[in-house]
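Below is one structure, written out as structure tokens; comments come after it.
Below, chains carry the letters A, B, ... as their sequence lines are ordered, and counting in each starts from 1. Keep in mind that what you see is a predicted model, and the values were worked out from it rather than measured.
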Number of protein chains: 2
Amino acid sequence: MLPNDTDSLSLTFAALADPTRRAMLARLAQGPATVKELAQPFTLSMPTISKHLKVLERAGLIQRGREAQWRPAQLQAAPLRDVSAWLEDYRQHWEANFDRLQDYLRKIQKGDS
Amino acid sequence: MLPNDTDSLSLTFAALADPTRRAMLARLAQGPATVKELAQPFTLSMPTISKHLKVLERAGLIQRGREAQWRPAQLQAAPLRDVSAWLEDYRQHWEANFDRLQDYLRKIQKGDS
DNA sequence: TAGCTAATTAGCTAAATGGTAAAGTATGCA
DNA sequence: TGCATACTTTACCATTTAGCTAATTAGCTA
């Protein structure tokens with residue numbers, strides 16, 4: 001989409017579309033961590049880690065501080081709340097075999113019972 | 001991430017990271033639709049619409065049929081259920097001012113009360 | 001058969017993404 | 001002051017993505 005691909009939900013979903021970044025969030029759910037701590041599980045270079053963190057920050061999923069030479073990151077879950085709210089409209093579609101129910105309703109509406 | 005960026009959750013999040021595709025899903029939540037019907041609200045060319053549908057299909061978010069020259073698409077919500085499940089681990093982080101609570105707990109643990 | 005409609009495929013461009021190495025910034029400490 | 005540590009910035013590369021036009025496939029209908 002050309003017009004405004006930077007809406008908040010799009011930014012959040014794009015940030016979550018990478019397993020490295022999701023792993024980082026999982027780590028941050030345990031509490032704040034420095035960049036080095038966040039990098040430790042991966043074989044990626046530091047600049048790459050920095051980039052991932054910037055993506056998470058731009059999506060509002062983390063907030064960053066300064067303590068001496070460290071830049072601790074902290075989880076910010078508000079965008080996840082928004083994702084959850086977006087999902088709610090679809091909940092009925094995956095609960096209670098909704099798809100099969102829909103098929104049935106369409107059938108009988110056509111008089112195809 | 002070089003190794004295996006095609007895990008299911010990543011595919012789903014990537015598919016959802018586009019407002020056009022989310023609008024298509026919203027339309028499909030009302031019931032199946034043809035490609036042309038799905039294209040109608042947008043100023044995009046048909047090939048572009050086709051591509052978006054392919055992304056949604058690859059993520060398992062829609063299923064496609066054949067009826068004469070039409071290719072009706074139907075919402076498949078299972079991947080959204082997976083997203084919802086993934087989100088659950090973070091729910092506590094956005095509910096009940098969890099962040100401020102966390103700050104407080106960290107403070108008193110440091111004896112900084 | 002010809003022609004219309006629906007949709008996809010092919011081939012292109014521009015921009016974004018994820019990775020790298022090398023250089024630069026900022027802080028603490030000997 | 002000088003060095004080590006923790007990160008970021010810069011510059012580059014390859015791949016993917018989102019868009020386009022033009023051409024092609026598929027099916028209905030006259």
Side-chain angles (χ1 to χ4, degrees), chain A residues 1-25 27-28 31-74, chain B residues 1-25 27-28 32-59 61-74:
Chain A
M1 201 184 213
L2 273 186
N4 189 24
D5 192 65
T6 66
D7 64 288
S8 180
L9 257 187
S10 295
L11 274 180
T12 303
F13 278 128
L16 296 177
D18 184 293
T20 301
R21 289 192 291 261
R22 289 200 305 280
M24 287 172 157
L25 291 181
R27 165 64 188 81
L28 290 172
T34 66
V35 179
K36 215 188 173 193
E37 283 167 348
L38 288 168
Q40 186 266 320
F42 308 105
T43 53
L44 300 171
S45 67
M46 287 298 285
T48 302
I49 299 293
S50 263
K51 274 195 186 178
H52 280 306
L53 288 173
K54 204 172 284 183
V55 172
L56 291 172
E57 189 177 20
R58 209 163 91 88
L61 284 161
I62 63 172
Q63 207 172 20
R64 317 200 57 187
R66 288 197 98 125
E67 278 171 38
Q69 66 268 60
W70 295 281
R71 305 280 216 285
Q74 198 174 346
Chain B
M1 199 184 216
L2 273 185
N4 188 27
D5 193 64
T6 66
D7 64 289
S8 181
L9 257 187
S10 295
L11 275 179
T12 304
F13 279 128
L16 297 177
D18 184 292
T20 302
R21 289 193 292 263
R22 289 199 306 279
M24 287 170 157
L25 291 181
R27 165 63 189 79
L28 290 172
T34 66
V35 179
K36 213 188 175 194
E37 284 167 348
L38 289 168
Q40 186 267 319
F42 308 105
T43 54
L44 300 171
S45 68
M46 286 299 284
T48 301
I49 299 293
S50 263
K51 275 194 187 178
H52 279 306
L53 288 173
K54 203 171 285 182
V55 172
L56 290 172
E57 189 177 20
R58 210 163 89 87
L61 284 161
I62 63 171
Q63 207 173 21
R64 318 202 54 188
R66 287 198 98 122
E67 279 170 37
Q69 65 269 61
W70 296 279
R71 306 282 175 77
Q74 198 174 347

Take the protein atom CG of A:Leu56 and the nucleotide atom P of D:dT8, then report the distance between them rounded to whole Å. 12 Å
Taking the side chain as C-beta and beyond, is there a heavy-atom pair between B:Leu25 and B:Ile62 under 4.5 Å? yes
When rounded to whole Å, the NZ to P distance for the pair B:Lys36 and C:dC4 reads 14 Å
In this structure, how many angstroms lie between the P atom of C:dT8 and the NZ atom of B:Lys54, rounded? 8 Å
If the cut-off is 4.0 Å, is B:Thr48 near the phosphate of D:dA18, judged by side-chain N/O to OP1 or OP2? no
Tell me, do B:Arg64 and B:Gln74 make a side-chain contact under 4.5 Å, heavy atoms counted? no
Heavy-atom side-chain proximity of A:Ser10 to B:Asp18 below 4.5 angstrom: no
Gap between atoms CH2 and C1', on A:Trp70 and C:dG28 respectively (whole Å): 8 Å
Could you tell me whether the phosphate oxygens of C:dA7, OP1 or OP2, come under 4.0 Å of any side-chain nitrogen or oxygen in B:Ser50? no
Inter-residue atom distance B:Leu53.CG - B:Leu38.CG, 0.5 Å rounding: 5.5 Å
Calculate the interatomic distance between B:Phe13 atom CZ and D:dT16 atom C1'; express it in whole Å. 20 Å
So what does A:Lys51 hit on the nucleic acid, given a heavy-atom distance under 4.0 Å: a base, only sugar-phosphate, or nothing? base
Would a 4.5 Å heavy-atom cut-off, applied to side chains only, mark A:Val35 and A:Met24 as touching? no
Counterpart base for D:dA30, defined by Watson-Crick or G-U wobble contacts under 3.5 Å: C:dT1
A:Leu11 CG to C:dA16 C1', in whole Å, measures 12 Å
Taking the side chain of B:Val55 as its heavy atoms from C-beta onward, which of C:dT27, D:dT8, D:dA18 lies nearest to it? D:dA18
Tell me the interatomic distance from B:Met46, atom CE, to C:dT9, atom C1', rounded to whole angstroms. 13 Å
Hey, does the side chain of B:Arg64 come within less than 4.0 Å of C:dT8's phosphate (OP1/OP2), counting only N and O? yes
Given atom NE2 of B:His52 and atom P of C:dT8, what is their separation to the nearest angstrom? 13 Å
Would you please confirm or rule out a distance under 4.0 Å between OP1 or OP2 of C:dG18 and any side-chain N or O of A:Arg21? yes
Picking from D:dT8, C:dA6, C:dT8, which would you name as closest to the side chain of B:Gln69? C:dA6
5' precedence on DNA chain C between A:Ala68 and A:Pro47 (nearest-nucleotide basis): A:Pro47
